[in-house]
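Report on the following structure.
Letters A, B, ... are given to chains in the order of the sequence lines, protein chains preceding strands, and every chain is numbered from 1.
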Amino acid sequence: MSFTYRLMLRDLRSGDLLTLLLALIISVSTVTSIGLFIDRLQLSFEQESANLLAADRLIRSDDAIPNIWQTKADDLGLKHAQRTSFTTMMFAGDSLQLSQLSAVSEGYPLKGAYLIDDTLFGTGSASTGMPVQGEIWVSSRLASLLNVTIGDQIEVGDVTLTVMKYLVRDPGSSTSAFAISPRAVMNMVDLAATNVIIPGSRVRYSLLLAGEKSILDQYEAWVMPQLNEGQRWQTPTQRGERIGDTIGRAESFLLLAGTLAVVMSGVAMALASARFVKRHLMQVAILKTLGATPQLLGKMFLQQLLTLFVAGAVIGLVIGWGIQEIIASLLSGLMSTTLPEPSVSRLWLGATTGLISMLVFCLPLISHLTKISPLSVLQPNAKVELNTFVIYLIGFIGLYGLMCVYTNGFLLPSIMTAAIFGIALLVAGMGWLAFKLGRSLTSGATSGWQIGLASLYRRLVPNLFQLLVFTLIIMLTLILIGVKSSLIADWQQQLPENAPNHYLFNVQANQIEQINNETHKLNVQTSDWFPMVRGRVTAANGVTVQSLYPDDKGEPELYERELNLTWSDTLGKGNELVSGDFSAQGLSIEQRVAKEAKLTLGDQLTLNIGGNIMTLPITSVRTVDWGSMQPNFYLILPKSALENYPANFVSSLFIDDASAQPFYKAMSQFPTVSILNVGDILKQIQSIIGQLSQAIQLVLFCILSAGALVLLASVRSTLEERLEEGALLRVLGAKSSLVRQALFVEFGALGFFSGLIAAIGAEMCLYGLQVFVFNADASFHPLLWLFGPLIGVCVISTIGIFASRTVLKVPPMLLLRGL
Amino acid sequence: MSRNTAIKVTNLTHTVTSNTGDLTILKGINMEIKESESVAIVGASGSGKSTLLGLLAGLDVNTSGEIVLYGNPFSSQTEEQRALARGQYVGFVFQSFHLLPSLQAIENVMLPAELKGDKKARQKAEALLEKVGLSHRLTHYPNQLSGGEQQRVAIARAFASDPKVLFADEPTGNLDEDNGNLIIKLLFELNQSQGTTLVMVTHDNDLAKMCDRQLIMSSGQLTEKSL
């Protein structure tokens, strides 16, 4: 074995290199486990959301899907299926009912599953199958309206189909909000023979695609230029999709959490390296006096670091993999779905983090070891001047680069870096002031308070550094708590208890009272009734939409389709006035669509309602809480403008499981009324949110564990000094209780200041994250100001006293000899 | 019999920069030390003895003048070259022992030979530790040894590379009388048996008297004490 490795083994045995190796293992395993776990969660969320889409990607079209699109999908090896949905009249004996029918091709659904049942209004069980030729699956509501049961026959156009199952949930149905219920599904091969689709029929064609993301991206690039006005490319994370928003936020959060793990690992590595260098200064000087050349030493340390990296990375990766497996198995009972296997390719993240951390945090420091003057053995003051600026600059660039790689962007790392810099300045300034104040308030060494506070100022630079480390860790904790609670609160706010889970629409004015009576009998409360008239925006400020968007590209949502318009004298639930006057005789517009279409108060919109043209000014702008599940509208008109148009009404209501069957029965006397059950979709979203909040708590726990280790490492980095001081005090006759009190005061004060400054930093950071990253409203977090100092005092004094317990236990003589 | 020159110093001046300005520690020193000679450098604290020792051993570079150790012009050599020369010609014994705390006694003694790539480092180290009377302490760590024992390990280490010159900086400064005497005896025995040149900085007049020559350092200048 070469000299390098023999020396390395001896260093490992003595614990010096071991500290560095442990820091590396912690770093690699933390990043690996979080990275892999996040990867699994992301895959899981994508799968869940793909279930809602019934595919990975979907093209929605008003015209039949060109064959070439399917040929291209075949060429690329993508799985594909088609769905054709339309409204049609169905007949069964003497009953007839307008229904939403979907015809699906072989392989549908590509993702997710149908929920079907053999019992009317049953809760259903998952089935990846689909109706075969000659069969039809109908919703319980349609079955009761048509008065059919399993085995009965239904006529659809010229074809007679047999009812085989009751349809509970149709994967992909959620994407078409306000889809007409009652629903049914049949096999595509029967469609042509029905002869129900004729020119002019309102039909929605969908091409569903599934496969590798890279191939889907390739397909998207190919198909996008061919899409016309009536065709849309849809992804699970598409804007406007509630589930997409949820995933987007979850990704942001998990990335943030992962970034914090990277930062924390970097700090741990830097601390371990600094300790390694400190403890090797004299060793290098001695080796130099014995004839070791700088080149030999450089080669030796490089070899040692590389070996350490390989060992640390391998062990760290194995542990990281193991940890995420444990996490996943712990959660398997809680999660609604089985987590997909993590991608092995994600392992590079942990290994790269370890390598870059070593390169930027260890190498510059350790390379300085080779420059130590051998004269240090005779004159301990003959130290080499460390170019700390360059070292910190390299460390910073490395850390920033790592964060950018990790988050695949610059925004999050930039915000975090700015906050860390701000905090560093703040910490240095405030810490200096606080320590100085503590020193001037106490003179002498008669109490633990005096000794503790005095030592804060005496070791000013290391204590300021320690203060910064503690502050950052507490700040990260507070940010995580803040982000987690505000995100979860936000989600919960989006989905309140008893949020409406059914929509009633196509209701005529004369039916409202009867329906209210029925729901009243069932003790079910409907929301307000909103009249609904269809209309299209044709011009803004006198300029036609065609002139504004001649190539149909980038058309705002307000202009691209026919809208549901309503009138109201009062601002509905979930609506909030931003500007203007709601009672004025003009249009009230939703803020986001107004912004997208670049419209402000006073602009004139021209509407085409049933062939009649009217122009109205925008007199108010509203925000709308789309999560309230109340009927909501982009445009609200004054009553005078719409009251003469024939309207039907819409409302929403919450129906619990017990009331479902009687409610459907009661509603069967209103065959023209459509009922949309969004409860299932809500349940799915709630399950995802539940899953997310569990995951977040777990990720938080992982990061805090890493944080605790960093804390321990940083306390250990000044341990020798504290040990020496404690031993001297005891030699001079101080009681253990005095030394303990002094330690408690020193760590407690460090913790208090760290916590306080951390609260300030976390508040600033949360503001930045809320406003710029999560696109949410900024809010103040008073609890952080309480928890910050409290966590600081409790955790840091506990860890500090624990790490320094030898100061109190070991006889002073042994300590002094060992130093 | 005329002996070869081990170290030759010509017009050696050394200045350091401090907060209060430049401070000249050594002022125009000239001297020559022959092979196998034992030389004591004595003088008051702060007179520049240790600085001179460090420069003679090539641990630092002088401001002006020349130091040549066995043909190595330290003043004009790089740190790399000086380190190689130290490995080849120089051994050290320090006042505060400077053993590597993470290494056992035997491992500390093996270091110089290992640095040279000597395959018989262990056997050599065992033999040297036996010579200094520590064959029963081979696997002890420095903090498990007494001061005297630590210095004996340091002496064994100093001789492990078969040095031509042994530099000793206050070798008995941290030891009681008995241990001090034992160390002195060992140093001189090895010096004589191996023909090593011995250059020693000391406050101890009795120890200085045992050397062939005594050089007195005062105000940065060196004078020979007539015996």
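Here the NE2-CG distance, from H280(A) to L100(B), works out to 8.5 Å after rounding to the nearest 0.5 Å. Atom NE2 of H98(B) and atom CG of L287(A) lie 12.5 Å apart (nearest 0.5 Å).
Residue-environment remark: NZ (K164(B)) stays at or below the threshold of 12 foreign heavy atoms within 6.0 Å.
Ranked by non-hydrogen atom pairs under 4.5 Å with chain A, the options Q95(B), Q88(B), R157(B), K116(B) are led by R157(B).
Contact residues of residues 68-86 of chain B toward chain A are E79(B), E80(B), A83(B), L84(B), R86(B) (heavy-atom distance under 4.5 Å). The stretch residues 288-306 of chain A places K288(A), T289(A), L290(A), G291(A), A292(A), T293(A), P294(A), Q295(A), L296(A) near chain B, each with some heavy atom under 4.5 Å from a heavy atom of that chain. Heavy-atom proximity under 4.5 angstrom to chain A picks out S50(B), T51(B), L53(B), G54(B), L59(B) from residues 50-59 of chain B.
Taking I25(A) as the reference, L21(A), S29(A), I315(A), I319(A) meet the side chain to side chain contact (heavy atoms under 4.5 Å, CB included) condition, with sequence neighbours excluded.
When heavy atoms are compared at a cutoff of 4.5 Å, Y89(B) does not approach chain A at all.
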